[in-house]
Protein chains: 2
Amino acid sequence: MPSDLAEYPRPSVAVDVAVLTVTDRGLAVVTVDSRWGDALPGTFLHPGETLADAAGRALRTKAGIEGLAFHQLRMFDAPDRDDRGWVLSMAHSTEVAASALPPQGRTVDVEHGRPTVPMAFDHADMVAAAVADLRTRYTDAPDPSGLLGARFTLLRLRRLYEVVFDRTLPKDTFRRHALGAIYGTGELTAVDGGRPAELYERRPGASFPRTMAALLGG
Amino acid sequence: MPSDLAEYPRPSVAVDVAVLTVTDRGLAVVTVDSRWGDALPGTFLHPGETLADAAGRALRTKAGIEGLAFHQLRMFDAPDRDDRGWVLSMAHSTEVAASALPPQGRTVDVEHGRPTVPMAFDHADMVAAAVADLRTRYTDAPDPSGLLGARFTLLRLRRLYEVVFDRTLPKDTFRRHALGAIYGTGELTAVDGGRPAELYERRPGASFPRTMAALLGG
DNA sequence: CTAATAGTGTCTCTGAGACACTATTTG
DNA sequence: CAAATAGTGTCTCAGAGACACTATTAG
């Protein structure tokens, strides 16, 4: 615990937010254009502001995204990470359905946990941390961030998990594991070449059985 | 991503470290005396220093602890958390065997995930975060931080897990789950009123089977 | 009818957890 | 011997995963 408010030079403190989404090509991350190339939306911390406030402001003003919940990943603090000076940056992440993003926004594909193009500063490492964090949270509960929106078929849920965990999953076993944490609405999808599928919703507060981790992980 | 090195007033950035240990009474956390009562060892970030460097320096100078590995928990950033001004603090945590601590050091007991006495600033919340993090990491591998030292009996390992997860564990099932991640040395303990127990060591890089999570969690 | 996709009945076999037994020490 | 603790053989039963079947649509 610091014993005196020291008079040392202080670092600038910034925030950056990795917003992951799923396109027809797989995982992707929202980026903005910058002098350093593709970058995560970010900003400097304003006086009296919390990191969460700053991150929300960055999403709103840089990426046109409003009302998303996100969380801290970790602080990126290499002294030379920003050539403009001493800048610490707290990386945040979240996920959102592609349909909820502003239509003209730019995204960069993510493969094997990393962005497919070079990114500004250490933002590629932030994306990698966001994907690792995504996997951890998606192991515990069905699409907790709502990448699929409120209602989805079991096929869409399974395809999402196959993209996130980069492996194929058996349809019947996956289904039986998932059914404890979601419930059928009785409503059916419009068909496309086969029996219509039921639409499911997340059971509030529900989580997967512990055994789902084994299915997903190995 | 910040587009200009802004000329806003900057916060002070501090680090605090929760060092958890196990005493005969259970979980405890290393504290130092301060103007605000019991506090975690902490310090302000020096120019050009990384957070990890600062945290190591705090442990060394405030608590007399050297050479410990630790990791970030999260940034505590409430604007009014420190009455001296705008101070962000990155909480870190680690665990260490009580025998490896300086003998005259002070510790505070932890019960149900919280310190049993009031602490400075939001340090009690940091301790709670450290305990939650401890549980997550101890679910994956046998005593990864070496709270028990290099060699231990299965009884000591099980007692540790009973303290950390606050529940009793069946000796035979726990044993069979653990044996994949540790190996017997052939050496035996000195006895105290019964058959001597074998001493075990961690298998490097080993982790518990996924099913250990079910045993520990519920 | 066939093709395509959704959903389920059922079998097998692993292995978790429980119980009770054996093993090795002290006194 | 009894008491105490360490370690294990074994039984049962849940349930994971696999397979193949049925169900419901389009054409």
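Because only heavy atoms are used, hydrogens play no part in the values below, and waters and symmetry mates are left out as well, while side chains stay in.
Non-hydrogen atoms lying under 4.0 Å from DNA chain D are contributed by A:Arg176, A:His177, all within residues 176-187 of chain A.
For the pair A:Pro209 and B:Thr153, nearest-nucleotide mapping onto DNA chain D gives the more 5' position to B:Thr153.
The list of salt bridge (Lys or Arg N to Asp or Glu O under 4.0 Å) pairs with a residue in residues 173-190 of chain A, not counting sequence neighbours, reads A:Arg151-A:Glu187.
Here C:dG15 presents its P atom at 15 Å from CZ of B:Arg210, a figure rounded to the nearest Å. The distance from atom CG of A:Asp172 to atom C1' of C:dG7 is 10 Å, rounded to the nearest whole Å. Here the P atom of nucleotide D:dT8 and the CZ atom of B:Phe174 are 15 Å apart, to the nearest Å. Rounded to a whole Å, the OH atom of B:Tyr200 is 11 Å from the P atom of D:dA6. D:dT5 atom C1' lies 15 Å from atom CD of B:Glu198, rounded to whole Å. Between B:Arg175 atom CZ and D:dG9 atom C1' there is a gap of 13 Å when expressed in whole angstrom units. Whole-Å rounding puts the B:Leu157 CG to D:dA6 P distance at 13 Å. Taking atom CG of residue B:Leu154 and atom C1' of nucleotide D:dT5, one finds them 13 Å apart after rounding to whole Å.
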Steps toward side-chain contact (heavy atoms from CB on, under 4.5 Å) verdict (B:Arg114, B:Asp125): CA-CA 8 Å; B:Arg114 301 200 66 86; B:Asp125 295 329; 3.0 Å; yes

side-chain contact (heavy atoms from CB on, under 4.5 Å) between A:Phe76 and A:Asp16, intermediate numbers included: CA-CA 10 Å; A:Phe76 285 74; A:Asp16 291 295; over 6 Å; no

Do B:Asp33 and B:Arg106 pass the salt bridge (charged side-chain N to carboxylate O under 4.0 Å, His left out) test, and can you show the C-alpha distance, the side-chain angles, and the key distance before you say yes or no? CA-CA 8 Å; B:Asp33 212 26; B:Arg106 172 168 168 72; 5.3 Å; no

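The side chain of A:Ala197 has C:dG7 as its nearest neighbour among C:dA18, D:dG7, C:dG7. In this structure, the nucleotide among C:dA18, D:dA18, C:dA6 sitting nearest to the side chain of A:Leu155 is C:dA6.
Ring-plane geometry between B:Phe121 and B:Trp36 is classed as tilted, the angle between the planes lying from 30 to 60 degrees on a 0 to 90 degree scale. The aromatic rings of B:Tyr161 and B:Phe174 sit tilted relative to each other, their planes meeting at an angle between 30° and 60°.
Counting all heavy atoms, side chain and backbone alike, B:Lys62 lies closest to B:Pro41 at CB-CB, 4.1 Å. The minimum heavy-atom distance linking B:Gly186 with B:Glu198 is given by the pair N-OE2, 2.9 Å.
Formation of a donor-acceptor pair under 3.5 Å by the A:Asp77 side chain with backbone atoms of B:Leu51 is found in this model.
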Each nucleotide in nucleotides 21-27 of chain D should get exactly one letter: B, S or -. Can you fill that in based on protein heavy atoms under 4.0 Å? --BBB--

